[in-house]
**Q** 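Next up is a structure, given as structure tokens.
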Amino acid sequence: MTHKIKILTIAVLCTFCSALNTKAEDGKWVSIFNGENLDGWAIKFSGQDVGVNFRNTFRVEDGMMRVIYDNYTTFDGAYAHIFYKEKLSHYKLKFDYRFTGEQVPGSEIWNVRNSGVMFHSQTPESMYFDQDFPASIELQLLGGLGNGQSRRTGNICTPGTDFQIDGVLMKNHCYRSSSKTYHGDQWVHVELEVNGDKNIKHFINGELVFEYDHTRIIPGEEDSADFITEALPLTEGFIALQAESHPVDFKNIMLMKLD
């Protein structure tokens, strides 16, 4: 890699933070996607400048935020994220998602019916040009493959980060939740509760499926800032929905700020 993150996530000022004046209020659910356009959101593709909606991948149709690959013949590593405008620390996020259609040819096999929501993330502006994933915590979204095997959703992955469970440092990149497997193109409801770096919970269709704490940004990883020499608490950042080669729809994206 020839490019590095230049600025630590919690210190970066972003250009899209003032895109809209409407902000969530403490203790109230507020829609952060208006169902009509992508105002208040910023797109970053690996290998593209911030704001480029490469091949018209992100679209708004029928009140949904959609990731669509009908302009692709091969995926070509076009990993992408769409970031909400506001830095957050203590909040709840909820939305519905569904996978549709077929994965783009030329994609990795593990990315079939695979997406996610990144949080405590760096800004899109602070990502280097061909960075695939922002340094963040990921609530991973997976769909069943229709083969009768378990494929849980609401998991955790950690690009450039780590966390603890019951005082034990978890160093692997991904851990599976306790959720059910959801096959086909059905809608699945997700809720995320974030309390800084102290207590974080994943819910799928109303069931608690993962809980952890002490999130950190760490040195020496592909998605970490190159100047970090020791792990630092990761208490705030941005949320971003993921485009990882399989068509996926999102709707009813709501935010509640917590004290």
Side-chain angles (χ1 to χ4, degrees), residues 33 35-38 41-48 51-84 93-118 121 124 130-134 136 138-157 159 173-177 179-190 192 202 204-205 209 223 239-253:
F33 166 57
E36 298 178 357
N37 54 52
L38 298 177
W41 296 78
I43 295 168
K44 177 66 176 78
F45 277 81
S46 178
Q48 302 291 330
V52 174
N53 191 2
F54 184 62
R55 295 178 179 169
N56 196 29
T57 305
F58 290 98
R59 305 181 199 173
V60 179
E61 297 178 356
D62 301 324
M64 298 178 290
M65 184 186 294
R66 310 195 72 186
V67 175
I68 299 177
Y69 292 100
D70 56 2
N71 292 325
Y72 290 66
T73 54
T74 61
F75 184 57
D76 296 326
Y79 291 99
H81 298 81
I82 184 166
F83 293 75
Y84 180 56
L93 175 73
K94 64 180 180 180
F95 59 89
D96 302 307
Y97 78 93
R98 68 176 179 184
F99 293 105
T100 64
E102 300 296 326
Q103 187 185 25
V104 182
S107 308
E108 301 289 352
I109 189 170
W110 56 82
N111 286 336
V112 63
R113 293 187 175 265
N114 185 346
S115 185
V117 55
M118 327 301 278
S121 171
D130 55 359
Q131 185 174 338
D132 290 339
F133 304 97
S136 59
E138 177 185 358
L139 189 163
Q140 184 190 50
L141 307 173
L142 296 179
L145 302 179
N147 55 9
Q149 296 183 2
S150 172
R151 197 166 189 248
R152 299 170 183 174
T153 190
N155 309 311
I156 184 172
C157 295
H173 178 56
C174 292
Y175 292 87
R176 291 190 298 175
S177 77
S179 85
K180 301 179 178 67
T181 300
Y182 297 92
H183 298 283
D185 295 357
Q186 63 180 299
W187 287 102
V188 180
H189 184 70
V190 178
L192 170 67
H202 299 182
I204 300 295
N205 284 345
V209 298
D223 301 299
I239 60 173
L241 298 172
Q242 190 176 78
E244 201 171 352
S245 79
H246 200 111
V248 60
D249 297 332
F250 301 97
K251 67 177 183 179
N252 302 325
I253 307 172

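The structure displayed is predicted, hence computed values, not measured ones. Note that the numbering runs from 1 along the sequence shown for the chain.
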**Q** I'd like to know whether S179 forms a side chain to side chain contact (heavy atoms under 4.5 Å, CB included) with T153, so could you lay out the CA-CA distance, the side-chain angles of the two residues, the decisive distance to 0.1 Å, and finally the verdict.
**A** CA-CA 6 Å; S179 85; T153 190; 3.6 Å; yes
**Q** Mark yes or no for whether Y69, through its side chain, and S245, through its backbone, hold a donor-acceptor pair below 3.5 Å.
**A** yes
**Q** Using the ring-ring contact (aromatic ring centres under 6.0 Å, His included) definition, which of the options F95, W41, F33 pairs with Y84?
**A** W41
**Q** Quick one: does N114's side chain have a donor or acceptor within less than 3.5 Å of a partner on L142's backbone?
**A**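 No; zero donor-acceptor contacts below 3.5 Å.
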**Q** Just by distance, do the side chain of H202 and the backbone of V209 share a donor-acceptor pair under 3.5 Å?
**A**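 Side chain of H202 to backbone of V209, a donor-acceptor pair under 3.5 Å: no, none is there.
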**Q** Can you tell me how far CD of Q140 sits from NE2 of H173, rounded to the nearest 0.5 angstrom?
**A** 7.5 Å
**Q** How long is the gap from CD1 on I82 to NZ on K44, to the nearest 0.5 Å?
**A** 13.5 Å
**Q** Which atom names give the shortest non-hydrogen contact between N155 and Y175, and what distance separates them?
**A** CB-O, 3.2 Å
**Q** Rounded to the nearest 0.5 Å, what separation is found between the CZ atom of R113 and the CD atom of E102?
**A** 7.5 Å
**Q** Going by distance alone, is a donor N or O of one side chain under 3.5 Å from an acceptor N or O of the other, for Y72 and T57?
**A**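 Yes - a donor-acceptor pair under 3.5 Å links their side chains.
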**Q** Please list all pairs meeting salt bridge (charged side-chain N to carboxylate O under 4.0 Å, His left out) that have one or both residues in residues 139-152, counting only residues at least two apart or in different chains.
**A** none
**Q** So for atom NZ, which belongs to K180, do other residues, nucleotides or ligands contribute more than 12 heavy atoms lying within a distance under 6.0 Å?
**A**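 At most 12 heavy atoms, drawn from other residues, nucleotides or ligands, come within 6.0 Å of this atom.
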**Q** Got a donor-acceptor contact below 3.5 angstrom from the N71 side chain to the R55 backbone?
**A** yes
**Q** When the aromatic ring centroids of F58 and F54 are compared, is their separation below 6.0 Å?
**A** no
**Q** Donor-acceptor pair, D249 side chain versus R66 backbone, under 3.5 Å?
**A** no
**Q** Can any side-chain N or O of N147 pair as donor or acceptor with the backbone N or O of Q149 at less than 3.5 Å?
**A**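 Yes, because the side chain of N147 sits within donor-acceptor range (under 3.5 Å) of the backbone of Q149.
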**Q** Are any side-chain N or O atoms of S115 and backbone N or O atoms of Q242, one a donor and one an acceptor, separated by less than 3.5 Å?
**A** yes
**Q** Could you work out, with salt bridge (charged side-chain N to carboxylate O under 4.0 Å, His left out) as the rule, every residue matching E36, not counting sequence neighbours?
**A**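 Partners of E36 under the salt bridge (charged side-chain N to carboxylate O under 4.0 Å, His left out) test: none.
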**Q** Step by step, work out the side chain to side chain donor-acceptor pair (under 3.5 Å) result for T100 and D185.
**A** CA-CA 5 Å; T100 64; D185 295 357; 5.7 Å; no
